[in-house]
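Notes for the one structure printed next.
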Amino acid sequence: MQNHKKYSKGYFMPPEIDLSWARKEYPDRAPIWCSVDLRDGNQSLVIPMSLDEKIEFYKTLVKVGFKEIEVGFPAASDTEYALLRKLIEDNLIPDDVTVQVLTQAREHIIKKTFEALEGAKNAIVHVYNSTSVAQREQVFKMSKDEIKQIAVDGAKLLLELTEKAGADYRFEYSPESFTGTEPEYALEVCNAVLDVWQPVLDRKPIINIPVTVEMSMPHVYAMQVAYINKNLKYRDKVILSLHPHNDRGCGVADSEMGLLAGADRIEGTLFGNGERTGNVDIVTLAMNMFALGVDPKLDFTNMPELVEMYERVTRMTVHDRQPYAGALVFTAFSGSHQDAIAKGMHWREEKNPDRWTVPYLPIDPHDVGRTYDKDVIRINSQSGKGGVGFVMEQNYSIDMPKKMREDFGYCVKGVSDQKHKELLPDEIYQIFHDEYVNVEKPYKLIDFSLKKEPDGTRSGSVDMEIDGEQVTYSARGNGRLDAVSNALQKNLGVKYGNLTYNEHALEIGQSSRAIAYISITGEDGKIVWGAGMDTDIITASIQALVSAINRMVTKK
């Protein structure tokens with residue numbers, strides 16, 4: 001048995017409990033987004049990105065719509081220093097985009113950071129030091145006052161160097177390891193930093209509350225954020241930011257609740273890449289807002305392209321079940337799910353509603369660059385008639401009668417089960433064609449000739465090939481199909497009843513094909529289906545009848 005007793009909570013409840021935020025349903029507007037892919041994301045990779053890969057990633061982030069991008073820790077790495085210089089010197093930073101750089105609250109590191117920033121138009125200098133009990137006691141062996149003084153000294157140096165550079169850099173401070181810090185002490189440190197910076201409305205500093213390591217349930221973190229939000233000095237002149245990690249798998253929940261509790265800004269990464277279990281996934285967070293009708297101010301309309309870039313330059317993978325972005329997140333294999341989705345899609349076509357309400361699809365896959373025919377319904381041994389029918393209709397305009405869909409669904413299920421694999425649309429179509437369409441054995445239709453008699457009936461002949469020999473049968477009936485049916489039952493010695501008939505065009509145009517579906521009920525009471533395809537609908541209907549007879553005979 002695992003020894004759970006060696007663990008106890010490492011977090012601290014705030015001295016004041018505010019749960020007013022819990023009455024809100026969701027954030028009513030998008031936060032300020034800051035991508036930290038090029039720093040937190042990159043430092044967690046087995047093989048960090050090259051300069052060219054970072055540039056490609058950066059350009060993608062700009063294209064998606066990020067207005068704040070942390071480009072690195074220029075004092076800690078030559079590549080990160082070179083990246084910042086290239087962005088500045090090659091004029092790759094749009095006027096509405098701000099680059100962010102990270103630095104510890106240490107004098108020589110801060111000074112090198114400012115060297116790297118020379119010439120930058122819009123920049124945020126992000127300074128941090130660790131404040132948690134564990135870090136104070138085990139790493140720094142310093143008192144609370146000494147730790148606070150590190151933050152204050154760093155804040156003063158940022159102010160001094162910015163004035164010296166004649167720049168308008170904005171500042172950010174993080175009490176790193178906040179989740180293991182007493183909230184009232186973290187607040188004290190943040191307020192001391194703000195006293196140095198003396199915030200103004202047109203140049204708001206950022207106080208960033210990181211979930212450096214997740215230690216609590218999300219509602220506890222939200223209460224901590226609410227406490228900071230309520231008691232932070234100069235609050236109307238300060239941007240309150242969150243930087244959640246995902247150690248407990250709650251990064252998205254921490255962020256969503258933290259926004260409800262008063263935060264203005266989120267730092268995170270695409271698809272949640274980052275230290276240990278990762279940073280908060282901005283894609284999921286933004287798309288969650290989108291699915292609630294809130295504009296996230298980020299453009300993920302070509303998710304497959306974004307995934308491709310990310311996987312190529314990071315050498316990471318986006319899981320097939322990753323929300324909104326995974327290859328299978330909109331895919332239904334289950335028969336009941338497929339049937340509901342297919343009916344929901346038909347309902348949308350009929351009703352044309354303003355709101356998206358399709359069973360099992362929380363958003364329209366088209367909104368993230370996915371397709372119904374390739375992504376939504378895929379077929380394996382778990383699939384049913386609804387899914388199979390949907391694939392045939394979407395890809396090949398084949399709209400089988402309901403009962404035939406059921407028959408074909410079992411047919412496809414059997415093939416998939418036997419092969420133990422997913423069946424692609426062209427494979428499903430081939431099964432349909434081979435099993436039902438223009439079946440020629442043991443009886444092959446050669447031709448027919450029927451004319452209308454004065455009494456309204458049809459009479460003529462039907463030419464068939466049987467065992468390699470051509471034979472001609474006389475035909476007469478109430479219509480062409482009835483006449484041929486009578487001739488075949490009489491001469492082939494087959495008996496059936498309850499003939500049903502459906503047909504529709506497959507294409508539009510002078511040489512378009514049509515398809516006919518026929519079911520017959522044999523003497524054993526079993527219903528058998530056949531289909532016929534031809535440019536002439538009458539020929540297609542007779543081909544369908546012959547197909548049904550052939551299938552009935554061969555299945556006995």
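Sequence positions, counted from 1, serve as the residue numbers for this chain.
Taking the charged nitrogens against the carboxylate oxygens, K24 and E256 have no contact shorter than 4.0 Å, which rules out a salt bridge. Between D339 and K343, at least one side-chain nitrogen of the basic residue sits less than 4.0 Å from a carboxylate oxygen of the acidic one, meeting the salt-bridge criterion. Salt-bridge formation is not detected for the pair E118/R85: no Lys NZ or Arg NE/NH1/NH2 atom is positioned less than 4.0 Å from an Asp or Glu carboxylate oxygen. Electrostatic pairing of E427 and K419 does not count as a salt bridge here, judged by no charged N lying under 4.0 Å from a carboxylate O.
Here L232 contributes atom CG and C190 contributes atom SG; the two are 6.5 Å apart, rounded to the nearest 0.5 Å. Residue K141 holds its NZ atom at 12.5 Å from CD of E146, rounded to the nearest 0.5 Å. Of the inter-residue distances, the one linking D40 atom CG with L45 atom CG reads 11.0 Å to the nearest 0.5 angstrom. K112 contributes atom NZ, which lies 13.0 Å from atom CZ of R106 (distance to the nearest 0.5 angstrom). Here CD of E267 is found 8.5 Å from CG of L102. Values are rounded to the nearest 0.5 Å. Taken from CG in L158 to CD in E163, the straight-line distance is 11.0 Å, to the nearest 0.5 Å.
For Q418, the CD atom sits in a loose shell: 12 or fewer heavy atoms of surrounding residues, nucleotides or ligands are nearer than 6.0 Å. Heavy-atom neighbours of K111 NZ from other residues, nucleotides or ligands within 6.0 Å: at or below the threshold of 12. For K9, the NZ atom sits in a packed shell: over 12 heavy atoms of surrounding residues, nucleotides or ligands are nearer than 6.0 Å. Shown here is D90, whose CG atom has more than 12 heavy atoms of other residues, nucleotides or ligands within 6.0 Å. Residue-environment remark: CZ (R348) exceeds the threshold of 12 foreign heavy atoms within 6.0 Å. Around NZ of K86, the count of heavy atoms belonging to other residues, nucleotides or ligands within 6.0 Å does not exceed 12. Taking a 6.0 Å sphere around NZ of K59, one finds it holds 12 or fewer heavy atoms contributed by other residues, nucleotides or ligands. Annotation: H366, atom NE2; neighbour count of heavy atoms from other residues, nucleotides and ligands within 6.0 Å is above 12.
At a cut-off of 3.5 Å, with distance as the only test, no side-chain donor of D254 or H245 sits close to an acceptor on the other residue. No side-chain N or O of S50 forms a donor-acceptor pair with one of D52 less than 3.5 Å apart. Counted by atom type alone, S44 and N273 present one or more donor-acceptor pairs between their side chains at under 3.5 Å. No donor-acceptor contact under 3.5 angstrom links the side chains of T98 and N122, judged on distance only. There is a side-chain donor-acceptor pair under 3.5 Å between S177 and S130. Q149 and D153 are linked by a side-chain donor-acceptor pair at a separation below 3.5 angstrom, with hydrogens and angles left out of the test. Between the side chains of Y234 and D195, a donor-acceptor pair is found at a separation under 3.5 Å. Side chains of H346 and E393: a donor-acceptor N/O pair is present below 3.5 angstrom, by distance only.
Side-chain contact between T60 and Y310: absent, with no pair of heavy atoms (C-beta onward) separated by less than 4.5 Å. In this structure, the side chains of T301 and V368 stay at 4.5 Å or more apart for every pair of heavy atoms. In this structure the side chain of R370 reaches within 4.5 angstrom of the side chain of V329, judged on heavy atoms. Y128 is listed as a side-chain neighbour of Q104, based on a closest heavy-atom distance under 4.5 Å. Here the side chains of R276 and V213 are in contact, with some heavy-atom distance below 4.5 Å. Side-chain contact between Y26 and L259 is absent, with no heavy-atom pair separated by less than 4.5 Å. Looking at M142 and I150, their side chains come closer than 4.5 Å, going by heavy atoms from C-beta outward. Side-chain atoms of M309 and V313, non-hydrogen and from C-beta on, do get closer than 4.5 Å to each other.
In this structure, the side chain of D264 engages the main chain of L240 through a donor-acceptor pair within 3.5 Å. Side-chain atoms of S35 come within 3.5 Å of backbone N or O of D37 as a donor-acceptor pair. The closest donor-acceptor contact from the side chain of R235 to the backbone of V238 lies under 3.5 Å. Although no hydrogens or angles enter the test, the distance criterion places no donor-acceptor pair under 3.5 Å between the side chain of Y185 and the main chain of S132. Between the W347 side chain and the V358 main chain, no donor and acceptor come within less than 3.5 Å of each other. Looking only at distances, no side-chain donor or acceptor of W33 sits under 3.5 Å from a matching main-chain atom of I69.
Sequence neighbours left out, the pairs with a member in residues 155-178 that pass ring pair (Phe, Tyr, Trp, His ring centres under 6.0 Å) are F114-Y169, F171-W197. Evaluation of the salt bridge (Lys or Arg N to Asp or Glu O under 4.0 Å) test over residues 200-221, restricted to residues two or more places apart or in two chains, returns none.
Using bins of under 30°, 30° to 60° and over 60° for the plane-to-plane angle, the ring pair H337/Y360 lands in the parallel bin.
A side chain to side chain donor-acceptor pair (under 3.5 Å) with Q100 is found for one member of R39, E68, E70 and no other, namely E70. E172 pairs with exactly one of I124, V101, V127 by the side chain to side chain contact (heavy atoms under 4.5 Å, CB included) rule, that one being I124.
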Can you list the steps and then say if T269 with N279 is a side chain to side chain donor-acceptor pair (under 3.5 Å)?
-> CA-CA 6 Å; T269 61; N279 290 52; 5.0 Å; no
Could you go step by step and tell me if F290 and D367 meet the side chain to side chain contact (heavy atoms under 4.5 Å, CB included) rule?
-> CA-CA 10 Å; F290 181 80; D367 287 334; 3.8 Å; yes
Evaluate the criterion side chain to side chain contact (heavy atoms under 4.5 Å, CB included) for residue pair L83 and T79; output intermediate values, then yes/no.
-> CA-CA 6 Å; L83 170 65; T79 302; 5.6 Å; no
Show the numbers, then the answer: is there a side chain to side chain donor-acceptor pair (under 3.5 Å) between Q322 and D281?
-> CA-CA 10 Å; Q322 180 89 1; D281 176 9; 3.0 Å; yes
Checking side chain to side chain contact (heavy atoms under 4.5 Å, CB included) for the pair V193/V196: CA distance, chi angles, key distance, verdict?
-> CA-CA 5 Å; V193 167; V196 172; 5.7 Å; no
Run the numbers on K121 and D95 for side chain to side chain contact (heavy atoms under 4.5 Å, CB included), then give the verdict.
-> CA-CA 8 Å; K121 291 177 289 186; D95 290 340; 2.7 Å; yes
Go through N246 and T277 one step at a time and tell me if the side chain to side chain donor-acceptor pair (under 3.5 Å) criterion holds.
-> CA-CA 5 Å; N246 199 45; T277 55; 4.6 Å; no
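Remark: aromatic rings of F300 and Y324 are distant, center separation not under 6.0 Å.
Taking every heavy atom of both residues into account, L270 and V283 meet most closely at CD2-CG2, 3.9 Å. What you find for P94 and V62 is that their closest heavy atoms are CG-CG1, 4.0 Å.
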List the atom pairs, with distances to 0.1 Å, where a side-chain N or O of residues 215-225 and a protein N or O form a donor-acceptor pair under 3.5 Å, not counting sequence neighbours.
unit_1, atom_1, unit_2, atom_2, d
Y221, OH, I209, O, 2.8
Q224, NE2, F12, O, 3.0

